[in-house]
Amino acid sequence: MNMHHEQRMGGLSSAAAQNGLLFGTAVCTSDVLAQPLTRAILRDCSIVTPEYEMKWDAVCPNPGFPDYSAADELVSFALANALAVHGHTLWWHESVPPALRTEPEKRFREAAMDHLQATVTRYAGRLHSWDVVNEPLEPADGRADSLRETPFLSAFGPGYIETAFHQASLLDPAAILVLNEMGLEYASPAAEDKRRQMLALLEREKSRGTPIACLGIQSHLTALEQPRNHPELRTFLREVRAMGLTVMITELDVSDHLCPRDRRRRDAIVADTYRAYLDLVLEETEVLAVSTWRLSDDRTWLNGFRPRPDGAPQRPLLYDRAIRRKPAWHEVEHALSKERQPGSDEAPP
Ligand code: G3I
């Protein structure tokens with residue numbers, strides 16, 4: 001039993017390993033030497049995702065002068081601790097370096113392709129998987145194919161997803177290539193429309209031979225809004241599985257901005273939301289990995305994006321600010337370790 005295996009005993013990654021999947025979280029270089037958080041990451045995780053430092057705008061704030069030092073540090077930390085790395089993300093409209101947003105399409109195409117090729121080549125053979133394209137759909141942009149209007153779409157046309165995945169697969173044939181999206185989890189007409197549009201997109205890309213192996217479902221959930229019973233999501237996950245695609249839960253967290261202020265009640269509602277969601281997803285489809293978007297409440301992006309109306313700090317993650325396990329940790333542990341065979345009980349959703 002190697003040192004890494006020993007330190008993970010009793011952690012979430014060993015619970016997940018019982019069902020052949022990975023458990024992990026988003027990290028930044030500031031987490032690498034931040035005891036006790038680092039200890040919690042090493043005990044609980046078997047995969048990590050750079051939250052920000054591997055993105056195009058982080059690597060290349062000044063186009064033409066890429067700086068991979070932070071991303072390199074995260075990859076070295078992970079590999080030194082036998083952690084897999086989920087690359088995030090090669091082409092995302094929100095992480096296009098500002099200086100390139102106004103460039104002519106030809107120049108943008110060159111820069112985007114240079115970045116993809118340089119980044120995939122740099123980490124080839126060392127990453128578990130890549131979010132090759134992030135958040136491709138935006139039905140509100142009004143296109144028949146529901147593709148989001150982005151600099152990639154303008155510069156490459158609707159074939160940009162195919163282009164990106166083919167390039168990535170050529171340069172790192174070992175990496176699992178993921179199409180990552182948000183807003184597929186919710187119980188709303190807009191989410192159901194987006195699920196339908198995602199299935200149509202996956203079918204189109206599949207018919208073109210685009211090497212998408214896995215669908216990334218971000219899973220930024222809201223407590224008291226995410227339903228326990230969610231037949232539309234069950235149906236969607238079965239259709240994704242029927243296409244021969246696996247799934248990764250890539251950015252799981254549970255916003256508590258609708259919950260009462262009382263911590264005990266709030267933590268219980270958040271924990272129950274984690275459990276119900278993971279039970280549903282893990283029952284319905286083949287999941288390669290479950291990752292939260294950071295591990296401890298002091299590091300969440302949600303205080304900026306979804307501050308609580310009462311001003312109390314969010315408690316959306318598995319550890320509190322003092323890196324103490326919360327009820328959510330235990331519910332996630334139960335969900336990960338529960339014996340199951342995806343799709344085994346094909347009862348109507
Ligand atoms: O590190 C710099 C710091 O040096 C600088 O002083 C500071 C002020 O400008 O910025 C810091 O960088 C910020 C970085 O987070 C680290 O905190 C960036 O400005 C900020 O844009 C970046 O935000 C990230 C955001 O994606 C945009 O990349 C969030 O941390 C991250 O949680 C968020 O994650 C996204 C996923 O990638 C995709 N899905 C949605 C999710 C939440 O928005």
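Note that the structure is a prediction, hence the values are computed from the model and not measured.
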I want to check something: taking the side chain as every heavy atom from C-beta on, are [X] and [Y] in contact at a cut-off of under 4.5 Å?
{"X": "D272", "Y": "R228", "answer": "yes"}
{"X": "I161", "Y": "L201", "answer": "yes"}
{"X": "S255", "Y": "T300", "answer": "no"}
{"X": "Y186", "Y": "E225", "answer": "no"}
{"X": "R308", "Y": "C259", "answer": "yes"}
{"X": "K206", "Y": "I212", "answer": "no"}
{"X": "M248", "Y": "L22", "answer": "no"}
{"X": "L317", "Y": "S296", "answer": "no"}

Between [X] and [Y], is there shared hydrophobic-cluster membership here, with clusters defined by ILVMFWY side-chain heavy atoms closer than 4.5 Å?
{"X": "M198", "Y": "L233", "result": "yes"}
{"X": "Y123", "Y": "V120", "result": "yes"}
{"X": "L237", "Y": "L288", "result": "no"}
{"X": "M54", "Y": "I41", "result": "yes"}
{"X": "L295", "Y": "I323", "result": "yes"}

For [Y], is there any backbone N or O sitting under 3.5 Å from a side-chain donor or acceptor partner on [X]?
{"X": "Q226", "Y": "A276", "value": "no"}
{"X": "D67", "Y": "S69", "value": "yes"}
{"X": "H86", "Y": "H128", "value": "no"}
{"X": "T150", "Y": "F152", "value": "yes"}
{"X": "R315", "Y": "D256", "value": "no"}
{"X": "S14", "Y": "G11", "value": "yes"}
{"X": "E181", "Y": "L137", "value": "yes"}
{"X": "R241", "Y": "E284", "value": "yes"}
{"X": "T121", "Y": "A118", "value": "no"}
{"X": "D31", "Y": "C28", "value": "yes"}

- request: Just do the side-chain contact (heavy atoms from CB on, under 4.5 Å) check on R143 and Q197 with the steps written out, would you?
  value: CA-CA 11 Å; R143 289 176 53 95; Q197 295 299 336; over 6 Å; no
[X] side, atom [atom1]; [Y] side, atom [atom2] - distance, nearest 0.5 Å:
{"X": "D297", "Y": "N303", "atom1": "CG", "atom2": "CG", "value": "8.5 Å"}
{"X": "E185", "Y": "M182", "atom1": "CD", "atom2": "CE", "value": "9.5 Å"}
{"X": "N19", "Y": "E286", "atom1": "CG", "atom2": "CD", "value": "11.5 Å"}
{"X": "E105", "Y": "S154", "atom1": "CD", "atom2": "OG", "value": "6.0 Å"}
{"X": "T29", "Y": "E51", "atom1": "OG1", "atom2": "CD", "value": "11.0 Å"}
{"X": "T235", "Y": "H230", "atom1": "OG1", "atom2": "NE2", "value": "10.0 Å"}

Stepwise side-chain contact (heavy atoms from CB on, under 4.5 Å) test for Q167 and V132: CA-CA 10 Å; Q167 275 298 318; V132 177; over 6 Å; no
- prompt: Step by step, would you call D279 with Y274 a side-chain contact (heavy atoms from CB on, under 4.5 Å)?
  reply: CA-CA 8 Å; D279 277 347; Y274 272 104; over 6 Å; no
Please give me the minimum heavy-atom distance between [X] and [Y], naming the atom from each residue.
{"X": "L199", "Y": "M243", "value": "O-CE, 3.4 Å"}
{"X": "D44", "Y": "F23", "value": "O-CD2, 3.3 Å"}
{"X": "G159", "Y": "R208", "value": "CA-NH1, 4.4 Å"}
{"X": "V270", "Y": "P316", "value": "CG1-O, 4.4 Å"}
{"X": "V254", "Y": "Q314", "value": "O-OE1, 4.4 Å"}
{"X": "R109", "Y": "A155", "value": "NH1-O, 2.7 Å"}

Distance-only side-chain donor-acceptor flag, [X] / [Y], under 3.5 Å:
{"X": "T292", "Y": "T25", "result": "yes"}
{"X": "E94", "Y": "N134", "result": "no"}
{"X": "Y68", "Y": "T119", "result": "yes"}
{"X": "N180", "Y": "E251", "result": "yes"}

message: Evaluate E239 against R196 for salt bridge (charged side-chain N to carboxylate O under 4.0 Å, His left out), listing each step before the verdict.
response: CA-CA 10 Å; E239 290 169 283; R196 296 295 108 203; 3.0 Å; yes
- prompt: Which is it for L252 and L278 under the side-chain contact (heavy atoms from CB on, under 4.5 Å) test, yes or no, and what are the steps along the way?
  reply: CA-CA 10 Å; L252 179 59; L278 287 176; 4.0 Å; yes
field: Given F156, W130, F108, W56, the one that forms ring-ring contact (aromatic ring centres under 6.0 Å, His included) with W91
entry: F156
Any salt bridge between [X] and [Y], counting N to O under 4.0 Å?
{"X": "K55", "Y": "D57", "answer": "no"}
{"X": "D267", "Y": "R263", "answer": "no"}
{"X": "E331", "Y": "K326", "answer": "no"}

- request: For D131 and W92, run side-chain hydrogen bond (donor to acceptor under 3.5 Å, both in side chains): C-alpha distance rounded to whole Å, both residues' side-chain angles, the deciding distance at 0.1 Å, then the answer.
  value: CA-CA 9 Å; D131 285 336; W92 182 35; over 6 Å; no
